[in-house]
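The block underneath contains the structure these notes are about, expressed in structure tokens.
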There are 2 protein chains.
Amino acid sequence: MTRRKTIYDIAELANASPSAVSAVLNGSWEKRRISRKTAERVKALAEAHGYSRNIQASVLRSARSKIIGMIIPKYDNRYFGAIAERFEATARNHGLFPVITCAQRDPELEAAAARELVSYQVETIIATGATDPDGITDICRAAGVRSLNLDLPGSAAPSIVSDNRGGARDLTLKLLDACHGTAPGQPLLFVGGRATDHNTAARIAGFRDGHADRGIEVPESNILACGYAGAKAYAALDAWTGDLPRGIFVNSTISLEGVIRWLGDRGALGADRTLFGCFDWDPFGALIPGNVGMARQDVNAMMDEVFRVLGSDQPEEKVTLIPCNITDAG
Amino acid sequence: MTRRKTIYDIAELANASPSAVSAVLNGSWEKRRISRKTAERVKALAEAHGYSRNIQASVLRSARSKIIGMIIPKYDNRYFGAIAERFEATARNHGLFPVITCAQRDPELEAAAARELVSYQVETIIATGATDPDGITDICRAAGVRSLNLDLPGSAAPSIVSDNRGGARDLTLKLLDACHGTAPGQPLLFVGGRATDHNTAARIAGFRDGHADRGIEVPESNILACGYAGAKAYAALDAWTGDLPRGIFVNSTISLEGVIRWLGDRGALGADRTLFGCFDWDPFGALIPGNVGMARQDVNAMMDEVFRVLGSDQPEEKVTLIPCNITDAG
DNA sequence: TAGCCTTGCTACATCGGTTGAGCAATTTTG
DNA sequence: CAAAATTGCTCAACCGATGTAGCAAGGCTA
């Protein structure tokens, strides 16, 4: 294996100086008054010899890395998958190099990931669904790195978050209306999440809003904020002492797995049995009988907003809400 | 914003030389005979002043980047999500810095991604599900970067691939046995994928193997390799002129979406109607009525094998098959 | 024909760590 | 007690690209 070609190698081949080669290959040659003839010669040689710029060296010198990092909890659902994919594409469109790292919802891993990204000279970190967004912001601030929260808000950096409350209200209304024929005036069951989580709290508020809109009282016991895991949702439903409700509002796709399993085990799965809606979208979740609709977060709009805020000169540390789309069943 | 702290700053604070600081902070201080006392003093100061190593500088000098890149097609299903997540975790366990980039199944983007990773001085590239694995290998080879194919084999680098044929055979047998009661001796329908794709071809072979095991003839017309998209599967089933089969072997979760939709539209969804199995696992796909099982690719085993091959001295350019797990319904 | 401008380059310091060579002070050995 | 070995550091070159300062050659002006 021969050594990698550098600008010095190309300079020698082209009978030019390394500075000239550098200027040609980074596009600043016209500004630096290198003749078109020389530029063409250098480019051709670089191409022919498979030259590839050493970005580490370039970044070291120029102090502009153009690397943008994202910390994400998991890749195990469509929402985060879509965020990762859209983030990459949008970052590239902005001439940046995206690096995504997965922190498993663990605040220690989040901090470690942030520090690691800082070491790699990222210019910006997007903390997505972070357990401790302000901790990440602190690390960034100490290193002079911009930061921004996505999906879950923090208090120390601009935050871009779905309108969980509004989306939950819309989904609640849709579900209440679907249940109206068979169970008029009956409140829905809310399943999944932790009531102390920002997003769950907002969705519970929206859930209540929707019921209020229809003049339906929601007993506290109808809110089963039992955690996210499918097994926890299953257990919470098992422990539920009331009648099997006609409609269930599920707080996340991960909880939905447990809900479906539970309904299936009781033979209650089907459009004529228990209806459900779910916050977050999944293509198969949408196809399960009894599904009335899903609150699909608008990832494209969120990401556009992220880059709009990054482009603005002095972003405020405020929370921007992005409306959700309510999908139809099937 | 103050400038970032460097080893020179810490050296001044600690009354030591930059070399000593460097040695302390990169762990080579014992080898370089720096006293424990000095080491401790330097570490404390670095910690106190929020020092963070500039990896670009470090890599530039030492020529070992410890960066490992992965090119992946999409993040839109559980399989690739699991691969991304497991890859990150395993790479970190090996002391490497993982960078994943998504190439949208586009050979041009794949090549661009490979070149970009090379510029970032990656030491290795894992080409996952690549449209043109050998193209990526060529780019890597020219730059002295190791490469390895995952999920789809190439001819120029070691490849680690699921045992698609064996998994398809096992799933076929499971599905045939489940259908045996109501439709004995009847062949299944195969839906989705492109017959020219390596993995689809292997799965069709396994599909035929399973039928042969049970002594069932498979007419060519039962193989609907119509493309992956849900809509294509839907259209292919619409164009199917035979009787509605009792069992369908679906080639991927993306095709499954169309199959479920089609069955639903015909009221054929349910354990007493058309049964199906699917290559690739999805938690909701598994919960859809009529699901008999899924061929779940063993991502952990694949990733272990990837790093085992990377650890071995001279990996051969051969294909390693990793068995799949057949999951139960629900 | 001297003085100035423009063109088209090159020289060199620099970014922040890393590392081989080397040196002074102390300790051990013969 | 001198020579050798060990300890605990420092010096300086280097990795590859960048960009400021500057220089030689030629053209243009006064």
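Letters go in sequence order (proteins before strands), and every chain restarts at 1. The model shown is predicted, which means the values in this text are computed figures rather than measured ones.
With rounding to whole Å, B/D9 atom CG is found 13 Å from C/dC15 atom C1'. Rounding to whole angstrom units, NZ of residue A/K37 and P of C/dG8 are separated by 10 Å. Distance, B/R53 CZ to C/dC15 C1': 17 Å, rounded to whole Å. In this structure, B/R4 atom CZ and C/dT14 atom P are separated by 21 Å, rounded to whole Å. Summarising the geometry, the separation between CD1 on B/I7 and C1' on C/dT18 is reported as 8 Å, rounded to the nearest angstrom. Atom pair A/L60:CG and C/dG16:P shows a separation of 7 Å (rounding to whole Å applied). In this structure, CG of B/N54 is placed 18 Å from P of C/dT14, rounded to the nearest angstrom. Counting to the nearest Å, the P atom of C/dC5 and the CZ atom of A/R33 are 13 Å from each other.
Remark: B/D9 engages B/R3 in a salt bridge (Lys or Arg N to Asp or Glu O under 4.0 Å) (not counting sequence neighbours).
Between the side chain of B/D106 and the main chain of B/Q104, no donor-acceptor pair closer than 3.5 Å is present. Checking side-chain atoms of B/N54 against main-chain N and O of A/Q121 turns up no donor-acceptor pair under 3.5 Å. A donor-acceptor pair under 3.5 Å is absent between the side-chain atoms of A/D132 and the main chain of A/E110, judged by distance alone.
Look at A/S17 and you'll find a side-chain N or O under 4.0 angstrom from OP1 or OP2 of C/dT10. Between A/T38 and C/dC9 there is a side-chain N or O to OP1 or OP2 distance below 4.0 Å. Within the structure, a side-chain polar atom (N or O) of B/S22 is placed less than 4.0 Å from OP1 or OP2 of C/dT18.
More than 12 heavy atoms of other residues, nucleotides or ligands sit less than 6.0 Å from atom CD of B/E317.
As judged by a 4.0 angstrom heavy-atom cut-off over every strand, B/S58 is placed among residues touching the sugar-phosphate backbone only. Using a 4.0 Å heavy-atom distance criterion, B/A16 is classed as a sugar-phosphate-only contact. Counting non-hydrogen atoms under 4.0 angstrom, B/S19 reaches a base of the nucleic acid. Among the heavy atoms of the strands lying under 4.0 Å from B/R32 is at least one base atom, whether or not backbone atoms are also near.
Comparing B/R61 and B/N15, the nucleotide of DNA chain D nearest to each residue sits closer to the 5' end for B/N15.
With hydrogens and angles ignored, no donor-acceptor pair under 3.5 angstrom links the side chain of B/S28 to the base of C/dT19.
From the 5' end on, the contacts that DNA chain D makes with chain B at under 4.0 Å to a non-hydrogen atom open and close at D/dT7 to D/dG16.
Looking at B/K66, B/R146, B/R64 one by one, the single match for salt bridge (charged side-chain N to carboxylate O under 4.0 Å, His left out) with B/E123 turns out to be B/R64. B/Y75 pairs in a side-chain hydrogen bond (donor to acceptor under 3.5 Å, both in side chains) with only one of the listed residues (A/E88, A/R78, A/R86, A/E85), which is A/E88.
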